[in-house]
Amino acid sequence: MATIEWRSPASEMAVQQFDIAAEKLKLDKNVAGRLRRPDRALIVSVPTRMDDGRVHVFTGYRVQHNDVLGPFKGGIRYHPDVNLGEVSALAMWMTWKCSLVGLPLGGAKGGIACDPRRLSRNELQGMTRRYTAEILNFIGPEVDIPAPDMGTNDQVMAWVMDTYSQHRGYAVPGVVTGKPVDIGGTVGRREATGRGVVYMIMEAAEHLGIDLGKCTAAVQGLGNVGMTTARELAALGVKIVGASDTSGGVWNAQGLAVHDLALYKEKNGYLKGFPSGESLSGTEILEIKCDILIPAASEMQITAGNAPRLKCRILAEGANGPTTPEADRMLSENGVFVIPDILANAGGVIVSYFEWVQDLQNFFWTEDEVRNRLRGILNRAFQEVLSMSQKEKVDMRLAALIIGVRRVARAMLWRGLYA
Ligand code: GLU
């Protein structure tokens with residue numbers, strides 16, 4: 001994204017990854033030029049009445065990267081660091097993710113620069129409703145379907161759905177996914193991303209001939225994705241030796257009880273001070289000795305600076321964009337098997353797709369149907385990426401990007417340029 005408006009460390013990184021894939025694919029130059037930038041972006045002011053009576057103006061974004069395969073799809077992030085460049089990078093990654101796993105959806109992302117933990121429920125609701133009103137003509141079940149991301153959840157999606165529906169004059173459940181089941185959400189969406197990460201770790205372990213029952217794992221970021229991943233890995237007999245959140249981390253070579261971590265977090269809001277283990281920082285956790293490392297926090301955590309010190313065999317990216325291209329090269333040299341973000345965390349958007357389909361058909365599935373279909377799609381994608389990486393002698397990230405970008409490029413060439 002050469003133009004100054006899009007520029008940020010995350011967007012430069014997303015474009016760098018894309019350029020590597022485009023070169024390997026010998027991608028049509030005209031197509032490549034279009035894909036380096038989003039289709040469109042909207043920046044909105046979100047005036048919000050705070051509890052003390054003041055009106056605070058937040059800045060919100062919605063970036064739509066590419067919709068050649070179908071309506072735009074992607075989460076809404078509430079975090080102090082949200083900016084146009086970050087949201088653009090995340091939107092681009094959504095395009096490759098949806099394409100890689102074969103969904104008829106394009107890539108988008110949205111967000112508001114705010115700290116949701118410092119907002120009251122009332123403030124959060126007001127901000128969400130006004131943001132929705134500001135982007136109203138950009139979204140819709142046939143246009144662009146938001147979902148949860150970092151800092152947002154099913155309640156936030158319920159407010160988005162309600163605001164949109166109030167404006168339309170009737171209930172439109174298909175405008176967002178990740179809603180509560182009571183208002184048209186699907187069973188299994190909340191756990192979908194973490195569950196998908198675990199399915200991909202299982203595939204990787206099988207491919208590498210590793211017995212998961214003898215493995216240790218560390219999770220950076222005990223949010224929705226990290227917590228589900230830790231819980232489901234523990235259920236498979238994996239020993240969780242490290243975990244962290246924004247407040248810091250905890251390490252215990254004897255293993256941490258995920259149930260206790262969850263209870264402690266629920267009670268205190270943070271992991272800091274968790275009694276049974278040694279405390280360390282959220283970046284130190286990446287360097288502890290473990291078989292499986294799961295970065296499930298934010299972008300660019302694994303860089304040229306710390307990549308050589310990683311001691312894991314499998315790196316399963318629960319977060320979007322946690323590893324920089326320089327770090328990728330080092331990990332590949334050190335024999336770390338990377339399950340790239342657009343594959344590892346695709347479970348979330350896959351079940352979002354299921355939710356959208358169910359809403360459009362007004363016909364709902366069982367949890368078993370959701371789980372089995374999710375597993376089928378992800379395992380097939382894993383095998384496709386693995387074959388591509390073996391055939392082209394490239395790492396798993398490049399293999400995944402090649403498949404994701406190629407499908408989008410083909411569709412663009414079929415559809416042609418409207419002028
Ligand atoms: N925010 C999630 C992601 O980064 C899910 C997006 C969705 O479900 O649309 O993949």
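Read the numbers this way: they start at 1 and go in the same order the structure lists the ligands and their atoms. The structure displayed is predicted, hence computed values, not measured ones.
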Considering only distance and modelled atom types, tabulate donor-acceptor pairs under 3.5 Å from the side chains of residues 296-306, sequence neighbours left out.
residue: S298; atom: OG; partner: Q301; partner atom: NE2; Å: 3.3
residue: E299; atom: OE2; partner: R77; partner atom: NH1; Å: 2.7
residue: Q301; atom: OE1; partner: Q220; partner atom: NE2; Å: 2.9
residue: Q301; atom: NE2; partner: E299; partner atom: O; Å: 3.2
residue: T303; atom: OG1; partner: G305; partner atom: N; Å: 3.1
residue: N306; atom: OD1; partner: T303; partner atom: N; Å: 2.8
residue: N306; atom: ND2; partner: Q301; partner atom: O; Å: 3.0

Run the salt bridge (Lys or Arg N to Asp or Glu O under 4.0 Å) test against R117 and tell me which residues pass, sequence neighbours left out. D115
Between F72 and H65 (judged by ring centroids, cut-off 6.0 Å), do the two rings come close enough to count as a pair? no
Give the protein residues with at least one non-hydrogen atom closer than 4.0 Å to an atom of ligand 1, ordered by chain and number. K73, G74, G75, M94, K97, K109, A147, P148, D149, R189, N320, G348, V349, S352
Answer yes or no: does atom CD of E266 have more than 12 heavy-atom neighbours from other residues, nucleotides or ligands under 6.0 Å? no
Which pairs pass salt bridge (Lys or Arg N to Asp or Glu O under 4.0 Å) with one or both residues in residues 393-403, sequence neighbours excluded? E317-R397, D328-R397, D341-R397
Between S8 and E86, do the side chains contain a donor N or O and an acceptor N or O under 3.5 Å apart? no
